[in-house]
Amino acid sequence: MERKKFLKTLGASAAFAVAFPCLHACSSDAEEELETFPVPDGVDFTVDLTAAEAAPLANNGGFILKNFVVIARNLEGNLVAASQVCSHQQTEEVRFISEDGGIFRCSTHGSRFSQNGTPLNTITNNPLKIFNTELNGDVLRVFE
Ligand code: FES
């Protein structure tokens, strides 16, 4: 079959796909620029555990986000806190998940951290910043 005749049989859309295969995948913008944040510093605030914002902390495995800190009730029922800003590339995607006994995980590239901030995979060697917690009645203090 002649080239011209062959292209005609493909139709317009197929010819476009053959001519411009890289429109999406080969774009120089393919790797989106990450929005980054500073790791929280000088943290010292309280959370009223009876307030609506703290409702997820009533259950083991629940967590809330406040002031770029992830505050979680771990699977043993203790209140723990870590930076919401990842130690890998400073996105604010760190959350508490109930896998592997309860860990912090960043969804941007999949870094996983123990509750003491130790990296659990090879995505980063930088520990996740961990904060102290202190419970006084129904008031939780989160501090450095
Ligand atoms: S920024 Fe968190 S894993 Fe890369």
Side-chain angles (χ1 to χ4, degrees), residues 3 6-144:
R3 177 181 158 82
F6 172 72
L7 288 175
K8 221 174 189 178
T9 60
L10 284 178
S13 59
F16 183 80
V18 169
F20 303 102
C22 264
L23 273 185
H24 298 291
C26 301
S27 164
S28 60
D29 298 329
E31 205 158 300
E32 208 174 292
E33 204 165 292
L34 296 173
E35 189 177 5
T36 61
F37 299 82
V39 172
D41 195 31
V43 166
D44 194 348
F45 64 85
T46 58
V47 178
D48 179 354
L49 296 182
T50 64
E53 69 165 348
L57 297 175
N59 302 311
N60 290 0
F63 72 89
I64 63 170
L65 306 175
K66 185 170 182 174
N67 301 336
F68 289 99
V69 174
V70 183
I71 305 159
R73 187 174 293 278
N74 69 15
L75 303 186
E76 291 76 37
N78 300 313
L79 291 159
V80 295
S83 170
Q84 183 185 333
V85 178
C86 186
S87 59
H88 178 224
Q89 291 183 359
Q90 287 70 55
T91 65
E92 45 83 53
E93 298 299 330
V94 175
R95 305 291 186 267
F96 186 84
I97 61 171
S98 297
E99 293 175 10
D100 298 330
I103 61 169
F104 293 101
R105 178 182 184 276
C106 176
S107 61
T108 306
H109 307 106
S111 284
R112 299 163 77 91
F113 305 92
S114 71
Q115 291 179 38
N116 66 14
T118 303
L120 297 174
N121 58 19
T122 56
I123 292 171
T124 181
N125 291 323
N126 303 327
L128 184 67
K129 190 170 185 178
I130 300 296
F131 301 103
N132 299 307
T133 58
E134 181 182 86
L135 192 58
N136 300 305
D138 286 330
V139 177
L140 176 70
R141 180 180 173 217
V142 179
F143 61 103
E144 294 189 39

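In listed order, ligands and their atoms are each counted from 1. Side chains are part of it too, since the values below use all heavy atoms of this structure and drop only hydrogens, waters and symmetry mates. In what follows, residues are counted from 1 in the order of the sequence shown.
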All N/O donor-acceptor pairs, side-chain side in residues 135-142, below 3.5 Å, sequence neighbours left out:
from : atom 1 : to   : atom 2 : distance (Å)
N136 : ND2    : E134 : OE1    : 3.4
R141 : NE     : D44  : OD1    : 3.0
R141 : NH2    : D44  : OD2    : 3.0

Indicate every side-chain donor-acceptor pair of residues 52-60 with a distance under 3.5 Å to a residue at least two apart or in another chain.
from : atom 1 : to  : atom 2 : distance (Å)
E53  : OE2    : K66 : NZ     : 3.3
N60  : ND2    : L75 : O      : 3.1

Check ion pair R105-E99 (N to O, under 4.0 angstrom): no
Can you tell me if E35 has over 12 outside heavy atoms packed within less than 6.0 Å of its CD? no
Give every protein N, O or S atom lying under 2.8 Å from atom 2 (Fe) of ligand 1, naming each by residue and atom. C86 SG, C106 SG
Quick one: CD1 on I64 to CZ on R95, what's the gap to the nearest 0.5 Å? 12.5 Å
Considering residues at least two apart in sequence or located in another chain, which fulfil the ring pair (Phe, Tyr, Trp, His ring centres under 6.0 Å) criterion with F37? F68
